[in-house]
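Some notes on the structure that comes next.
Given the structure is predicted, the values throughout are model-derived calculations rather than measurements.
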Amino acid sequence: QVQLVESGGGLVQAGGSLRLSCAASGRTFSGYFMGWFRQAPGKERAFVAVISWSGGRTYYADSVKGRFAISRNNAKNTVYLQMNSLKPEDTAIYYCAGGPGWGTSQSVTDFDSWGQGTQVTVSS
């Protein structure tokens, strides 16, 4: 497992932008695909985006496609989520997660490392 710490959450007006960061430490970042999930009050944790170890493959939930972008800097052991055109329905706690493997996954159960979460609130 790797230890993950998210940052960058906050309060923003609808239409605004935020950039989340996730710093990894502990075992090697190598060979880990990285993802972002979110959980709104009363709802289950939901997939947002994932990026492969190389960064060559990315996938997004339909609800954020075209607005969010996931990226990573392996030299800095950091993964990012750029969120643009934010909507009130994007309000949730956002979790960074890592999963061992050279591919990708959108399933919660394939990720073995999780951050503590960062709150994103979008006001209308």
Side-chain angles (χ1 to χ4, degrees):
Q1 293 183 347
V2 295
Q3 286 73 53
L4 303 172
V5 178
E6 303 98 334
S7 61
L11 173 64
V12 64
Q13 288 189 333
S17 298
L18 282 175
R19 188 195 196 201
L20 305 184
S21 299
C22 174
S25 62
R27 63 149 288 166
T28 178
F29 200 47
S30 174
Y32 261 65
F33 54 86
M34 299 298 296
W36 289 93
F37 290 77
R38 66 187 182 186
Q39 188 165 17
K43 295 188 177 180
E44 293 187 352
R45 195 168 296 191
F47 167 77
V48 175
V50 65
I51 187 168
S52 61
W53 155 245
S54 68
R57 280 180 286 172
T58 57
Y59 298 97
Y60 298 91
D62 288 342
S63 59
V64 307
K65 205 170 292 184
R67 300 187 297 123
F68 290 12
I70 189 171
S71 61
R72 66 191 294 165
N73 184 328
N74 289 340
K76 295 184 176 180
N77 284 354
T78 303
V79 63
Y80 306 96
L81 185 69
Q82 178 66 43
M83 305 186 295
N84 300 325
S85 302
L86 282 161
K87 304 175 181 179
E89 51 263 44
D90 294 318
T91 295
I93 299 174
Y94 282 71
Y95 296 91
C96 173
W102 302 103
T104 62
S105 175
Q106 300 178 22
S107 174
V108 168
T109 57
D110 288 332
F111 291 79
D112 68 358
S113 303
W114 292 84
Q116 81 288 350
T118 185
Q119 177 71 47
V120 171
T121 303
V122 184
S123 63
S124 57

Determine whether [X] and [Y] fall in the same hydrophobic cluster, where Ile, Leu, Val, Met, Phe, Trp and Tyr are linked whenever their side-chain heavy atoms lie under 4.5 Å apart.
{"X": "W114", "Y": "L81", "result": "no"}
{"X": "I51", "Y": "Y95", "result": "no"}
{"X": "V48", "Y": "V108", "result": "no"}
{"X": "F33", "Y": "V79", "result": "no"}
{"X": "F47", "Y": "W36", "result": "no"}

Return yes if some donor-acceptor pair links the side-chain N/O of [X] with the main-chain N/O of [Y] below 3.5 Å, else return no.
{"X": "S113", "Y": "Q3", "value": "no"}
{"X": "Y80", "Y": "N73", "value": "no"}
{"X": "N74", "Y": "W53", "value": "yes"}
{"X": "S52", "Y": "R57", "value": "yes"}
{"X": "E6", "Y": "Q116", "value": "yes"}

Nearest-0.5 Å distance that lies between atom [atom1] in [X] and atom [atom2] in [Y]:
{"X": "Q39", "Y": "I93", "atom1": "CD", "atom2": "CD1", "answer": "7.0 Å"}
{"X": "S71", "Y": "M34", "atom1": "OG", "atom2": "CE", "answer": "11.5 Å"}
{"X": "F68", "Y": "N84", "atom1": "CZ", "atom2": "CG", "answer": "8.5 Å"}
{"X": "S85", "Y": "K87", "atom1": "OG", "atom2": "NZ", "answer": "8.0 Å"}
{"X": "D90", "Y": "T121", "atom1": "CG", "atom2": "OG1", "answer": "11.0 Å"}
{"X": "R38", "Y": "R45", "atom1": "CZ", "atom2": "CZ", "answer": "13.5 Å"}

Under 6.0 Å from the NZ atom of K65, do we count more than 12 heavy atoms belonging to anything else shown?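 Atom NZ in K65 is crowded, with more than 12 foreign heavy atoms closer than 6.0 Å.
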Please indicate whether Q13 has more than 12 foreign heavy atoms, meaning atoms of other residues, nucleotides or ligands, lying under 6.0 Å from its CD. no
Would you say the side-chain atoms of D112 and Y32 include a donor-acceptor pair closer than 3.5 Å? yes
What's the shortest heavy-atom distance between A24 and L4, and which atoms?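 Nearest heavy atoms, A24 then L4: CB-CD2, 3.6 Å.
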Taking all non-hydrogen atoms of both residues, which atom of Q119 and which atom of A92 are closest, and how far apart?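 Taking every non-hydrogen atom into account, NE2-O, 3.4 Å.
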Applying side chain to side chain donor-acceptor pair (under 3.5 Å), run through S107 and S105 and close with a yes or a no. CA-CA 6 Å; S107 174; S105 175; 4.8 Å; no
F111 and F37 aromatic ring geometry - parallel, tilted or perpendicular at 30°/60° bounds: perpendicular
Less than 4.5 Å apart, any side-chain heavy atom of N77 and any of V2? no
